[in-house]
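Side-chain atoms are counted along with the backbone in the values below, which use heavy atoms only and exclude waters and symmetry mates. Atoms within each ligand, like the ligands themselves, are counted from 1 in listed order.
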Amino acid sequence: MPQVELKGVEGKSVYVETGLFIGNEFVAAADASQINTENPSTGKVLASLSAAQKEDVDSAVVSAQKAFKGSWKSTAPAQRGQLLNKLADLIERDADDLSSLEALDAGIIFRESKGLHIAQALETLRYFAGWADKITGQLLDIPQGYAITRREPLGVCAAIIPWNSPLMITIWKLAPAIAAGNVLIIKTPELAPLFGQKLASLVKEAGFPPGVINIICGEGSVAGQALAEHRGVKKISFTGSGLVGRRIMHAAADSNLKKVTLELGGKSPSIVFKDADFDNAVFWTTIGITANNGQVCAAGSRIYVHESIYDAFLLAFAEKLVGTTHGDPLLPETTKGPVISANQKKKISQYITHAKQSGIRLLVGGQDISGNGNFVPSTAFADVPEDSRVMLEEIFGPVASIAKFKTEAEVIEKANSSEYGLSAAIFTRDVNRAQRVSEALESGQVTVNCWAILHANTPFGGVKQSGFGRDMGEEALDGWLTTKTVKYNILPSEDE
Ligand code: NAD
């Protein structure tokens with residue numbers, strides 16, 4: 001299969017394979033189908049990659065099954081950990097290439113990809129590498145004997161990945177899946193698949209046996225759907241939209257009842273109380289909606305501010321949002337990249353237009369950015385009604401909806417009124433209030449005096465329509481294991 005040469009940071013060449021990575025080889029799709037990946041800063045095609053069809057998904061499953069039944073099952077747990085550590089070392093070595101690829105096709109600012117996403121991926125790989133030889137069961141007393149529980153891998157699993165921070169989210173799934181002893185098929189996002197082609201080369205170089213990690217690019221409705229329907233796949237770990245999450249659950253129910261975990265979207269509240277450290281709250285709430293252009297499932301897109309500091313907050317927030325330099329995410333001076341696609345730009349712009357037409361107060365942004373590339377201004381609306389679309393729906397773009405509140409009880413009710421429950425942020429100096437409010441919020445995670453910081457040892461995932469299952473932390477490992485109970489009925493001694 002041919003390689004493509006792309007120009008990364010500082011004009012350095014980055015080479016990526018173009019085939020599907022199955023059984024440690026790069027192969028063409030069965031019917032030679034291809035997907036073009038585009039640069040969202042320019043709209044130009046970057047590369048044509050093989051696009052997996054149903055037959056290719058079948059081949060990947062066969063390759064993974066062979067690996068699972070073969071040497072992988074008897075590979076010592078510590079060796080699984082060593083392979084994950086080796087992969088981490090290689091990703092660290094080639095971080096510039098991987099971040100260049102995320103800048104090129106996902107529009108992620110190079111230094112953010114390298115400094116945040118790759119750094120987090122490395123932490124996660126090394127964290128789960130440590131878990132590989134520490135997976136234990138229990139010893140339980142039962143009448144006339146005892147039982148032991150064994151925690152075993154599920155077998156052939158699949159991970160379906162979105163485009164918004166594709167390498168990091170892939171590693172959230174790959175690291176615990178492999179530490180637990182599974183074999184994995186990763187379906188990369190069709191809008192930002194380049195990282196996966198590079199990752200595949202590193203998987204091979206790290207020394208994973210053929211078939212243990214397979215990486216395929218393909219359309220969601222074709223390759224993703226085929227994985228969801230496949231009877232040979234025992235689990236799907238999915239991050240993406242609620243619509244597709246539902247399709248995957250249907251497909252699982254209609255096929256082999258495979259285990260499904262879903263990390264879906266959010267409309268996460270940030271609550272600024274009157275006793276908050278003001279500058280810290282402004283800093284984190286602006287990061288919460290501008291990081292990765294708001295294309296973050298945990299984006300702090302609803303901001304509730306106590307009425308006593310509301311006007312001052314609006315001024316400070318608006319000031320922080322202006323003055324970004326949009327442009328090529330590979331360049332050091334760029335502070336704002338493009339959103340992923342022309343469609344995504346259109347969707348975000350429609351929300352902004354609708355809010356303006358509904359008479360909602362535009363605080364900052366909201367204008368069209370003309371010229372090449374999918375650029376959207378960081379935008380905030382103030383005094384946003386609770387029943388407006390920009391307050392209720394996930395925009396997945398840099399658009400904040402701000403409103404004021406009077407009492408703790410009122411803001412808890414507003415925060416919990418969403419159908420989502422992924423993440424929430426509280427800003428206060430009062431530890432009692434932080435404890436009370438974090439208990440009352442319906443959310444998979446709550447951060448106090450910061451926004452959505454990620455750590456490899458802390459579980460991340462949602463409640464309500466933000467999904468179920470967890471990435472990271474010991475809990476993520478549980479999601480990739482099944483428990484077998486073995487009971488011993490101790491027979492009386494033959495001497496008696
Ligand atoms: P998406 O749901 O359209 O796609 C996600 C992945 O699913 C892609 O790989 C896609 O190819 C695949 N897919 C599409 N149709 C499929 C099908 N029928 N069967 C199986 N797989 C299929 O989402 P997106 O547009 O890539 O990402 C944006 C959405 O994802 C946003 O709505 C956002 O809220 C959500 N998201 C959530 C998280 C989280 O951690 N909770 C993280 C990132 C994105």
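Every atom of ligand 1 with a heavy atom of E263 under 4.0 Å away is listed here by number and element: 37 (C), 38 (C), 39 (C), 40 (O), 41 (N). Near T239, with a cut-off below 4.0 Å to any heavy atom, the atoms of ligand 1 are 5 (C), 37 (C), 38 (C), 39 (C), 40 (O), 42 (C), 43 (C). Atoms of ligand 1 lying under 4.0 Å from at least one heavy atom of G220, given by number and element, are 10 (C), 11 (O), 12 (C), 13 (N), 14 (C), 15 (N), 16 (C), 17 (C), 18 (N), 19 (N), 20 (C), 21 (N), 22 (C). Per-residue contacts place K187 under 4.0 angstrom from the following atoms of ligand 1 (heavy atoms of the residue considered): 8 (C), 9 (O), 10 (C), 11 (O). Ligand-side atoms of ligand 1 in range of L264: 37 (C), 38 (C), 39 (C), 41 (N), range being under 4.0 angstrom from any heavy atom. Near N164, meaning under 4.0 Å from one of its heavy atoms, ligand 1 places the atoms 42 (C), 43 (C), 44 (C). In summary, the atoms of ligand 1 found under 4.0 Å from a heavy atom of G265, numbered by their order in the structure, are 34 (O). Ligand-side atoms of ligand 1 in range of I160: 6 (C), 7 (O), 9 (O), 12 (C), 20 (C), 21 (N), range being under 4.0 angstrom from any heavy atom.
Side chain of S41 to main chain of N39: no donor-acceptor pair is present (N/O by atom type, distance under 3.5 Å, no hydrogens or angles).
Here the heavy atom of the protein found nearest to atom 8 (C) of ligand 1 is I161 O, 3.3 Å. Protein heavy atom closest to atom 21 (N) of ligand 1, with residue, atom name and distance, is G224 CA, 3.5 Å. Closest to atom 39 (C) of ligand 1 among all protein heavy atoms lies C297 SG, 3.0 Å. Closest protein heavy atom to atom 18 (N) of ligand 1: Q225 OE1, 2.8 Å. Scanning all protein heavy atoms for the shortest distance to atom 24 (P) of ligand 1 gives W163 NE1, 3.2 Å. What sits closest to atom 7 (O) of ligand 1 on the protein, heavy atoms only, is F238 CE1, 3.2 Å. For atom 33 (C) of ligand 1, the nearest non-hydrogen atom of the protein is F396 CE1, 3.1 Å. For atom 35 (C) of ligand 1, the nearest protein heavy atom (residue, atom name, distance) is G240 O, 3.0 Å.
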Donor-acceptor pairs are to be reported for all side-chain atoms of residues 158-168 against protein atoms at under 3.5 Å, with residues two or more places apart or in another chain.
from : atom 1 : to   : atom 2 : distance (Å)
N164 : ND2    : Q295 : O      : 3.1

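For the side chain to side chain contact (heavy atoms under 4.5 Å, CB included) test with I213, the passing option among N24, I186, L83, I185 is I186; the others fail.
Proximity of S241 to ligand 1, defined as any heavy-atom pair under 4.0 Å, is shared by backbone and side chain alike. The proximity of L243 to ligand 1, defined as any non-hydrogen pair under 4.0 Å, does not occur for either the backbone or the side chain.
Sorted by first then second residue, the salt bridge (Lys or Arg N to Asp or Glu O under 4.0 Å) pairs that include residues 460-475, not counting sequence neighbours, are K173-D471, E442-K464.
For F427 against A281, the heavy-atom pair with the smallest separation is CD2-CA, 3.7 Å. The two residues G266 and L422 make their nearest non-hydrogen contact at CA-CB, 4.5 Å.
Residue contacts with ligand 1 include P189, since one or more of its heavy atoms lies under 4.0 Å from the ligand.
Taking the charged nitrogens against the carboxylate oxygens, E17 and K204 have no contact shorter than 4.0 Å, which rules out a salt bridge.
Using a 4.5 Å cut-off on side-chain heavy atoms (C-beta onward), M472 and Q120 make contact.
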